[in-house]
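Working notes for the structure below.
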Amino acid sequence: MSFEQLEAELLEMGQQKFRARQIFTWLHARNITDFSQMSDLSLQLRNELSERFYIEDLKVVRKLTSKTDSTLKYLYELRDNNHVETVFMEYNHGNSICVSTQVGCKMGCTFCASTIAGFRRDLTASEILSQIYTAERESGRHADSIVLMGIGEPLDNFDNVVRFLQLISDERGRKQSLRHVSVSTCGIVPRIRELADMKLGITLSVSLHSANDVRRSEIMPVNRRYDIKTLLNECREYMNKTGRRISFEYAVIEGVNDSDEDARQLHRLLSGMVCHLNLIPVNPIKERDYRSNRAKVEQFAKKLSGMGLNVTVRRTLGADIDAACGQLRREYEI
Ligand code: SAH
């Protein structure tokens with residue numbers, strides 16, 4: 001519930017408006033999941049609330065801790081027995097949490113474990129929120145930045161994602177700075193436009209993975225609907241409207257998108273654009289024989305930065321616990 005909805009519910013229950021503020025603080029700033037702990041409310045009100053409402057609280061069915069770094073991975077069970085994954089990572093600049101937005105995915109990217117068994121349903125805003133709140137309670141860590149890069153396509157669950165962004169950034173609750181929230185998309189063009197018009201201040205990440213339409217359509221079916229030119233035009237619009245630079249994600253797959261020609265095409269596509277290119281060594285998944293070799297990725301990065309692009313190689317965290325999205329859920333459900 002948004003703050004305003006909570007207020008309206010309380011008024012309808014014959015309560016005073018200021019109760020909304022107290023409850024919202026318990027939920028979003030104090031991370032409480034039980035009405036009985038809301039000690040500044042009367043016992044009667046606490047009972048009444050627990051009869052009428054519930055607070056989303058995800059069940060941790062598995063928790064993996066990396067032995068090589070401090071990455072944590074949670075497999076959560078939802079109320080309808082579906083599962084999603086959340087990954088907690090520690091960086092020098094702070095903790096980052098990666099959350100899912102859907103159960104499964106419709107997008108069909110060939111290298112991605114999240115989409116192989118198809119799409120089940122959208123997550124609600126509270127299910128997205130609760131992935132963070134539950135992980136924070138369980139681990140005792142605080143998430144400084146949030147990335148919507150887990151299972152699912154955030155812009156295919158637009159309304160719930162926007163609702164989540166509004167809830168988490170609400171000044172009366174968690175006050176999460178949206179500058180530290182990244183929304184990642186495979187490139188659903190009309191939704192990028194809608195997001196730009198909302199001027200939320202989030203960071204937009206666009207999964208590019210190839211600068212060549214034929215190749216991109218092979219590995220990312222969404223490209224058959226919105227090709228690279230259409231996508232890049234919309235990205236430029238996004239930057240004009242929001243003043244925020246875009247981050248492009250590029251999973252490097254040996255022999256698929258890492259040739260000299262790929263580098264040249266990428267350079268032609270992105271040169272002159274104020275953007276950041278993030279290379280990710282592709283995470284191998286059981287169902288495909290895509291491979292990546294860190295040394296070759298570094299070489300590819302060097303080539304691109306030599307051409308003048310602003311490029312980095314993503315650090316690999318939690319590799320020993322299959323921290324890439326979708327893999328644990330698939331293993332658990334099969
Ligand atoms: N659907 C959104 C967000 C979820 S995926 C999107 O497509 O952006 C988050 C990122 O991980 C995307 O860039 C996606 O392409 C990438 N990804 C998926 N599977 C991967 C794999 N096996 N190895 C490396 N990156 C992968």
Side-chain angles (χ1 to χ4, degrees), residues 73 84-87 89 96-119 122-123 128 131 146-158 160-161 164 181-189 191-192 195 202-211 215-223 225-226 231 234-235 238 246-254 256-258 275-294 296-297 300 312-319 322-331:
K73 181 162 187 167
V84 290
E85 295 172 31
T86 298
V87 184
M89 292 153 289
S96 175
I97 193 163
C98 175
V99 298
S100 299
T101 53
Q102 295 180 316
V103 182
C105 184
K106 299 173 202 161
M107 298 298 135
C109 299
T110 57
F111 46 83
C112 181
S114 302
T115 194
I116 285 169
F119 172 79
D122 284 330
L123 293 185
I128 305 174
Q131 291 173 61
I146 298 165
V147 296
L148 274 59
M149 289 192 185
I151 298 169
E153 167 51 45
L155 300 192
D156 185 45
N157 184 14
F158 195 83
N160 288 317
V161 164
F164 157 77
V181 177
S182 296
V183 176
S184 183
T185 179
C186 61
I188 302 181
V189 167
R191 295 285 186 237
I192 296 179
L195 201 58
I202 51 127
T203 298
L204 185 66
S205 287
V206 173
S207 301
L208 189 57
H209 307 320
S210 175
R215 183 46 54 86
R216 191 167 191 268
S217 293
E218 270 168 24
I219 58 174
M220 299 182 71
V222 69
N223 196 69
R225 183 89 190 263
Y226 308 108
L231 175 61
E234 201 56 54
C235 289
Y238 183 92
I246 289 184
S247 188
F248 289 99
E249 307 288 314
Y250 196 101
V252 184
I253 314 172
E254 222 174 294
V256 173
N257 62 1
D258 63 347
C275 63
H276 173 237
L277 180 66
N278 196 11
L279 303 184
I280 317 158
V282 76
N283 273 297
I285 56 171
K286 273 195 231 45
E287 292 80 0
R288 314 253 185 257
D289 58 357
Y290 291 143
R291 292 273 164 273
S292 198
N293 166 326
R294 185 134 200 129
K296 282 197 182 158
V297 176
F300 192 63
T312 50
V313 180
R314 165 124 18 118
R315 261 180 75 203
T316 310
L317 289 178
D322 282 351
C325 45
Q327 304 191 72
L328 184 57
R329 168 172 170 255
R330 286 212 21 89
E331 215 172 86

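Remember, it's 1-based here, ligands and their atoms both numbered in the order they're listed. In this chain, residues are counted from 1 in sequence order.
In this structure, the separation between SG on C186 and CG on L231 is 9.0 Å, given to the nearest 0.5 Å.
Ligand 1 is approached by H209 to a heavy-atom distance shorter than 4.0 Å. Every heavy atom of P284 sits 4.0 Å or more from the atoms of ligand 1.
Below 30°, between 30° and 60°, or above 60°: for H209 and F111 the angle between ring planes is above 60°, a perpendicular geometry.
Less than 4.0 angstrom separates some heavy atom of E153 from each of these atoms of ligand 1: 1 (N), 2 (C), 6 (C), 7 (O). In the vicinity of T185, heavy-atom distances shorter than 4.0 Å reach the ligand 1 atoms 6 (C), 7 (O), 8 (O). Taking every non-hydrogen atom of G152 and a distance limit under 4.0 Å, the qualifying atoms of ligand 1 come out as 1 (N), 2 (C), 3 (C), 4 (C). Interface of C186 with ligand 1, defined as ligand atoms under 4.0 Å from a residue heavy atom, comprises 6 (C), 7 (O), 8 (O). Less than 4.0 angstrom separates some heavy atom of C112 from each of these atoms of ligand 1: 18 (C), 19 (N). Under a 4.0 Å criterion applied to the non-hydrogen atoms of G150, ligand 1 contributes the atoms 4 (C).
Of the N or O atoms in V282, none lie within a sub-3.5 Å distance of an N or O in ligand 1. Below 3.5 Å of separation, one finds no N or O of A251 facing any N or O of ligand 1.
Panel note: side chain N160, backbone L123; a donor-acceptor pair is recorded below 3.5 Å.
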| said: salt bridge (Lys or Arg N to Asp or Glu O under 4.0 Å) for D156 and K106? Distances and angles first, verdict last. | reply: CA-CA 9 Å; D156 185 45; K106 299 173 202 161; 3.1 Å; yes

| query | Hey, mind stepping through V206 and T185 against side-chain contact (heavy atoms from CB on, under 4.5 Å) and telling me if it holds? | reply | CA-CA 5 Å; V206 173; T185 179; 4.2 Å; yes

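For M107, no heavy-atom contact with ligand 1 is shorter than 4.0 Å. With a 4.0 Å heavy-atom cut-off, ligand 1 is reached by no atom of I151.
Under the 4.5 Å side-chain criterion, counting only non-hydrogen atoms from C-beta, I151 is not in contact with V103. With a 4.5 Å cut-off on side-chain heavy atoms, E218 and T110 do not count as touching. You'll find the side chain of R291 reaches within 4.5 Å of the side chain of P284, heavy atoms only.
Scanning all heavy atoms of the two residues, the minimum distance from C105 to E153 falls at SG-N, 4.0 Å.
Among R314, E249, M149, the residue whose heavy atom lies nearest to atom 5 (S) of ligand 1 is M149.
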